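Because the structure is a prediction, the values reported are computed rather than measured.
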Amino acid sequence: MTRRRGKALARDLPLEGAQTAAVLPATAPARAPRLVELVDLQTIPMPNGILGVAEVSKHIGFPVHRAYYLRDVPKGAGRGGHGHRHLRQCFLCLRGSVRLSISRAGVTDIVELNRPSQAAVVGPGCWRDLSDFSEDSVVIVLASEEYDETDYIRSHDDFLAWDAGREPVTSVPYLDLGRGAQEMGVELELAMRRVMKSGWYIGGPETGRFEASFAEYCQAQACVGVGNGLEALALTLRAWGIGRGDEVIVPAHTFVASALAVNDVGATPVLVDVEPDTGLMDMRKVAAAIGPATRAVMPVHLYGHPADIDALGEAIAGRDIKVLEDACQAHGAQYKGRRCGALGDAAAFSFYPTKNLGALGDGGAMTTRDPALAEHVRMLANYGSREKYRHEIAGRNSRLDPLQAAVLSAKLPHLDVWNARRGELALRYLMGLADVRGLGLPPVRGWARPIWHVFPVRAPGVRDELQKFLATRGVGTNIHYPIPVHLQPCYAGRWAAGDFPVAERLAASVLSLPLDATHSNREIDFVIAAIREFFGA
């Protein structure tokens, strides 16, 4: 293999001179991977000929969805001369020889294929050229996807612009789950195929493997996969015996599921107002809300920023009150160096597809340092049963199925990298919008390492106008959350407008900007420019 290295073309360089402390963990620069991997195929000499074998798991590395061949190429002619954004390919020269040139980021790998027992595997995001075909050459190409014109880049100049991140930005989606699916498509497909072949479609080793990995990741003793985040909260409360006559303290600014979980077990949600800048539970108000019926407090690590757990402990002051972390937005977030998920007595996670660690549908889990609690939750989630057809308590059906567990297992090793990328983009926002008057930016407490599930800005009095303006510029946004918990129709008559003024102000002023690990620096800069235009900054 020959490699030529030119000037590196970095797609998304961080801001020059950027300070990343408390936002982005330091990481070592990654080594440039090989653009072409030469693999030796299995060949089996037989009395009636030679059998050549190219298997996905041993040789190719991706499922094959398209195959085509090249033959009778005129002498001196070339083929290829195009790039692919996401397609992976495997080239096999069954007869004769061919020269393969693969380029990306200023680096070119050149190989010559001249024997059928060797193949060249090419990853996504590369420019490819085939040349020097021998007169008798026959080349087979195996591709990871069926034909998709939108994946092609026909012009080399256009490819260089795309490779360097210089493609013009005309719109920015709030979130495009299809981008992540393209990047992880091969791993996810192989994971799901593994489940389908196993015959285990409920429970089984795949779910157990993810539970063990996620517990270790969260620095917890145990993890139980369940149907969704709401179920993780409710089942944990139920396992503690919390029910009618009991109270659970919940922040007034959160997704309604936090409160619905309390209602689900028959207990009473007691709301407390939140901090005006972070939207997190105001621990000073928790102390005043604790009463003789308080059995648990549910701090929500909102937007991926940890709640102040030590301050909560001071508010509880040694009383027999459980702490249930609502960590549904905090996969990988850290509080004073410890991961969310093992800070309280138990924690609940959601794996809804939009989460930093998202499944391909609903899913959830509870984590805890108490194995007995985990076993109780597992029994409740499985019809109250530990052994088939013997039901010790009145449970329900709430299980994380192996297909989703396999998807999550494939994604989990990438989570820290994705979170770090979110941190880079959040820093870009913070620096690019720091001087915009009338816009409140999300703070980061000194003891927190958030994972930026959401990047919420506050635009008091002009939030709706800002959202409409950004829409005209092609920028997608979201609002978390437009109606406070206490003003939801399902709680009509329980609370009144004005009961939680900070939560109400946030509901009227918060706007969530695009921020996902798949967004480019140029896209974030596009959003920054549009916001500055709106405010005349």
Going through the checks in order, is the side chain to side chain donor-acceptor pair (under 3.5 Å) test met by His414 and Glu187?
CA-CA 11 Å; His414 303 278; Glu187 292 178 71; 3.3 Å; yes
Classify the ring geometry between [X] and [Y] as parallel (under 30°), tilted (30 to 60°) or perpendicular (over 60°).
| X | Y | value |
| --- | --- | --- |
| Phe500 | Trp495 | perpendicular |
| Trp127 | His156 | perpendicular |
| His305 | Trp447 | perpendicular |

If every non-hydrogen atom of [X] is compared with every non-hydrogen atom of [Y], which pair is closest and at what distance?
| X | Y | answer |
| --- | --- | --- |
| Ala346 | Thr236 | CB-CG2, 3.7 Å |
| Phe526 | Val169 | CE1-O, 3.3 Å |
| Val502 | Pro276 | CG1-CA, 3.6 Å |
| Ser258 | Val250 | CB-CG1, 3.8 Å |
| Leu35 | Val107 | CD1-O, 3.3 Å |

Salt bridge present between [X] and [Y] (N-O < 4.0 angstrom):
| X | Y | result |
| --- | --- | --- |
| Arg522 | Glu167 | no |
| Asp499 | Lys285 | no |
| Arg284 | Asp308 | no |
| Lys468 | Glu465 | no |

Which residues satisfy the salt bridge (charged side-chain N to carboxylate O under 4.0 Å, His left out) test with Glu183, sequence neighbours excluded?
none
By salt bridge (charged side-chain N to carboxylate O under 4.0 Å, His left out) - contacts of Arg505 (at least two apart):
none
Within the 4.5 Å heavy-atom criterion, are Leu408 and Leu400 side-chain neighbours or not?
yes
Does the side chain of Val297 reach to within under 4.5 Å of the side chain of Leu324, using non-hydrogen atoms?
no
Heavy-atom donor-acceptor pair, Glu523 side chain to Val172 backbone, under 3.5 Å
no
Distance flag, aromatic centroids of Phe351 and Phe214, threshold under 6.0 Å:
yes
Is atom [atom1] of [X] surrounded by more than 12 heavy atoms (other residues, nucleotides or ligands) closer than 6.0 Å?
| X | atom1 | value |
| --- | --- | --- |
| Arg193 | CZ | no |
| Arg154 | CZ | yes |
| Tyr352 | OH | no |

So, [X] versus [Y]: side-chain donor-acceptor pair below 3.5 Å or not?
| X | Y | result |
| --- | --- | --- |
| Arg66 | Tyr147 | no |
| Asp157 | Ser155 | no |
| Glu189 | His65 | yes |

